[in-house]
Structure formats: structure tokens, C-alpha cells
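Note that the structure is predicted; figures quoted are calculated from it, not measured. All residue numbers refer to positions in the sequence shown, counting from 1.
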Amino acid sequence: MEGTAVRLVDESQSASVVMLAHLLSSDGFEVVTPASVRTVVPPAGALEGFPAKAVARAEWWQRQLVEMLTGRPLDDPHGPVKPEYDPAVWSLRQRELAKAAELAAAGTAVSLTVLQDMRARFEQEGVLGLIDPRLRTASDGTGRADRRVIEALQKVVDEQTSRSTVSAQVLRRRMERLLEAEHGTGAVPLPSRATFHRLLKAVTSGRHTLGSARTRRSLAKQPDGMFGQLTAARPGEVMEIDSTPLDVLVVHDDGTVDSVELTGIVDLATRTLAAAVLRPSTKAVDAALLLARAMTPEPMRPGWSDALRMSRSVLPHASLMALDERLAQAAAVPVITPETIVCDRGKAYISDTFRSACQSLRPRPACGASASTTTANRTARPTLPRQPDDRTVRARRRPPAATSAQALPT
């Protein structure tokens, strides 16, 4: 089958093509071979950690179901097909009835409903679906407590994230007031003091609810799942911008000696450092200008070799001249238009200046939940050895102007 067309081959090996809709609506159309059973293959060690009795029961069900579905024993998949379970002769329901009768004759009475349920779970989840669902459900530590109490306690704990730290008794009184407001006075039995502390410990596990408020808020910013991986298929689809301090000392315009930050924008698809700038501390205007530099041809500077011209590179310079005349005197530096900018929540990147630049230059900002070192790791961080006579001189006020050690022109 290819799209809506079906290629048919008759007994003489003559091929013909018909439309799928015409084939299905034909009076002579009939399914003569059943669909193959595709069971889910579980990962290796899927039954590890379960009780031995439950594993043995699941393996017993697997042998029975494989024999019923395929007609062959699990231990001999290429052996002869049992006549009573032949898929080419008997329908699925007939094979299920035969298997139920066989198990009843062997002393293991299984109803048809249970057999069908186990077969459906086996086809959907593999051998792992044959384990008792009660053993597969991870306990949350609340036991058989009233779910209304658990839900109210979870709401109170969630609201406590941005508040100051209080005692457990305060949380209990808030939970009781919430239960009364939602269900009425006395409608929900309240847990004892010991039970409440046990439930509170289970609900607040790893959340630092009764500890430091700063730690609690920091933990709440963590993502629920694992970090994923972005895949970019073309230049500019995803670009990352970040700042990282360099382990060097520079001389500023006012003569002071201090550290410096490198801010760069990296294209994820080509791993190209599209633009970079050195500043005493990164400001919002520096990040905004960095976007414009990534989209602007870099002009040749006095003293640069002619080998650095874009016309000397492998790029189709002649055809690009029709797009931008500035490429005639441009250096062989990539010009990439960002579509999506990935950044952390630094002040320079969540500012109105940077977001306004994104709106005018058309890239879509995508800020992360916390500070990230992804872009910093993609750029080199050179560590230069200090001489014995070096001295670290800190300036009280860092000037906003460019430094004299700036490596790239603005």
C-alpha cells in the first residue's frame, strides 16, 4: 500500500493498482489472513524488583497467551502449530474459548472475561502488563488516608512555596479551614496529630517546606521532568546567548585593572559563534546589539589579510551581492538571522531592552527557568597563568564603556 493506492498481485504474479476506497467498498473484498499479533517488547529487566510469586504468575500467563495468539509454544516459536489454536483456522474468540476450556480441564479455572483482559494487557504493555496493577503502582506514602485531606494538604503546601516558613501546626490549621470551606464543617474527618505529621512528611518530601524559604523557592523552580535536547536543522533556527566571566585581568579605559565578561551568541545547528563581545559586566544594551551584529556583515578592517574577505571564501559571494551590497567589502564571517533565542533568566536577557530588540529583529526569545551554562560551555574559556608580579585591582565602579582589551570590534 502506498498512500491511497494498493498494489495487488494475483496467483500468476500479475500486479495491478487499485484505490483503497474502491477496494474496501468492493463486494468481493474479504480478509482471508488475520493480522499478525504485535506484542510490546518490554525493556530488559522489566520484572526485576517484583515479588517472585508475581513474576512466576506473569511468566505463566505469558506462555498461555503466546500459545493462544500464535498457535505455537513460547519455547518453540518455529515449531508446529497446535490445531486448536491455529490462527488461520480459528477466530480469536474461538481460541480464547479453547484456552479457557483447556485451563479449566487442567484445574485452573479462568473465566473468559479475565482471559480477554489479560490478553489485552499483554498486547498493550507486554509481559509487564501481566503483573498485578497493585504491585506496579508506586506508593505515595499516604496509605489509605482520605483523598480529600491529601488534596487539601497538597494545596496548602503548594501555597507555602512563596511564603515565609511556618510551623507544622500552622499548616494543619490552614488545611482544616480549607476543608471546612470546600466541604462544610465536620463533613471530612480530620486526621490525628500523628497521622497529620506522617501525611505532611509524605507530601513535602524533597520540597523543604519546613526549612529555609530560599531553598524551598529554589527547589520549586526546578522542572518536573528531565532536561531535553534541542535539535536544529538549519542555521538560525535555534541560537543560544549567554555570558561567562573570563579568568583574565584587563585594563579598563580609566586605568583600573579588573575582570571581564564574554557574551556570545552561538548557532546550535552549525556550532558557529555568530557574535561575541567583551564587557566589564553585561548590560541589556550589549545583548541587544549582539543580535544586530549576528545579522550584519562584518566589514574588513585595516590591516586584515585579503584572505579573510568573503569573496575569497567558498560562499557564493556573487549571488549574495544581490541581497546586500555590504557583502562586497565584508569579511568571511557568517551572517545568521536568529529565529529562536534561548537564554537564561539573567537581568540582561529578561529586560525590556532585550525583548524589544527581539521584537524588532524578529527572533523569538525562549528563556529558561534557571541560569544555564550551555552556551558558556560551547564557547572557549581560556585560563591564562598569572605572573608572580600580577596584582588584582578591583575598581569601585565599572565604566560602561568598552575595555581596551576588547577582542572584537563593536
Side-chain angles (χ1 to χ4, degrees), residues 1-44 46 58 61-103 110-131 133 136 225-226 228-238 267-270 316 319 337-340 362-364 366:
M1 184 171 65
E2 183 178 354
T4 59
V6 180
R7 183 180 297 273
L8 303 177
V9 180
D10 57 13
E11 297 178 354
S12 61
Q13 303 300 318
S14 299
S16 60
V17 179
V18 297
M19 300 302 295
L20 178 61
H22 177 73
L23 177 64
L24 297 179
S25 60
S26 176
D27 296 335
F29 176 73
E30 181 182 359
V31 179
V32 295
T33 56
S36 60
V37 179
R38 296 183 180 180
T39 58
V40 177
V41 179
W61 269 113
Q62 182 184 15
R63 291 192 298 270
Q64 304 300 326
L65 293 174
V66 169
E67 185 181 54
M68 181 189 70
L69 294 172
T70 63
R72 294 181 174 89
L74 179 63
D75 301 334
D76 189 12
H78 301 289
V81 178
K82 288 190 174 183
E84 61 271 24
Y85 300 121
D86 191 351
V89 178
W90 308 104
S91 65
L92 178 59
R93 182 174 179 82
Q94 290 174 330
R95 284 176 282 156
E96 290 174 345
L97 293 173
K99 175 57 70 174
E102 177 187 341
L103 295 178
V110 177
S111 65
L112 181 61
T113 302
V114 173
L115 182 62
Q116 292 174 341
D117 179 65
M118 298 299 290
R119 187 258 307 166
R121 286 160 52 182
F122 178 65
E123 292 178 343
Q124 294 175 2
E125 306 177 55
V127 67
L128 188 60
L130 303 178
I131 296 290
R136 299 166 52 192
M226 299 179 60
Q229 182 177 3
L230 289 176
T231 302
R234 59 185 181 276
E237 182 180 3
V238 179
D267 178 56
L268 188 60
T270 61
S319 59
T337 301
E339 298 179 15
T340 301
R362 293 184 302 173
R364 178 174 59 90

- request: Determine, stepwise, if the pair Met68 / Leu115 fulfils side-chain contact (heavy atoms from CB on, under 4.5 Å).
  value: CA-CA 10 Å; Met68 181 189 70; Leu115 182 62; 4.1 Å; yes
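Residue pairs meeting the salt bridge (charged side-chain N to carboxylate O under 4.0 Å, His left out) criterion with at least one member in residues 73-90, sequence neighbours excluded: Glu67-Lys82.
Checked against side-chain contact (heavy atoms from CB on, under 4.5 Å), Ser111 has the following partners two or more places apart in sequence or in another chain: Thr113, Val114. Residues that satisfy the salt bridge (charged side-chain N to carboxylate O under 4.0 Å, His left out) test with Glu96, not counting sequence neighbours, are Arg119. With sequence neighbours excluded, the residues that form a side-chain contact (heavy atoms from CB on, under 4.5 Å) with Thr270 are Pro235, Asp267, Thr272, Ile336. For Arg234, the salt bridge (charged side-chain N to carboxylate O under 4.0 Å, His left out) partners are Glu237, Glu339, not counting sequence neighbours. Partners of Arg72 under the salt bridge (charged side-chain N to carboxylate O under 4.0 Å, His left out) rule, at least two apart in sequence or in another chain, do not exist in this structure.
Under the 4.5 Å side-chain criterion, counting only non-hydrogen atoms from C-beta, Glu123 is in contact with Leu69. Val81 has its side chain out of reach of Val89: every pair of non-hydrogen atoms, C-beta onward, lies at least 4.5 Å apart.
To the nearest 0.5 Å, the span separating CZ on Arg121 from CH2 on Trp61 amounts to 9.5 Å. For the atom pair CG of Leu112 and CG of Asp117, the computed distance is 11.0 Å after rounding to the nearest 0.5 Å.
Scanning both residues, Trp90 and Tyr85, for their nearest heavy atoms gives CD1-N, 4.3 Å. Closest approach of Leu130 to Gln62, counting heavy atoms only: CD1-N, 3.5 Å.
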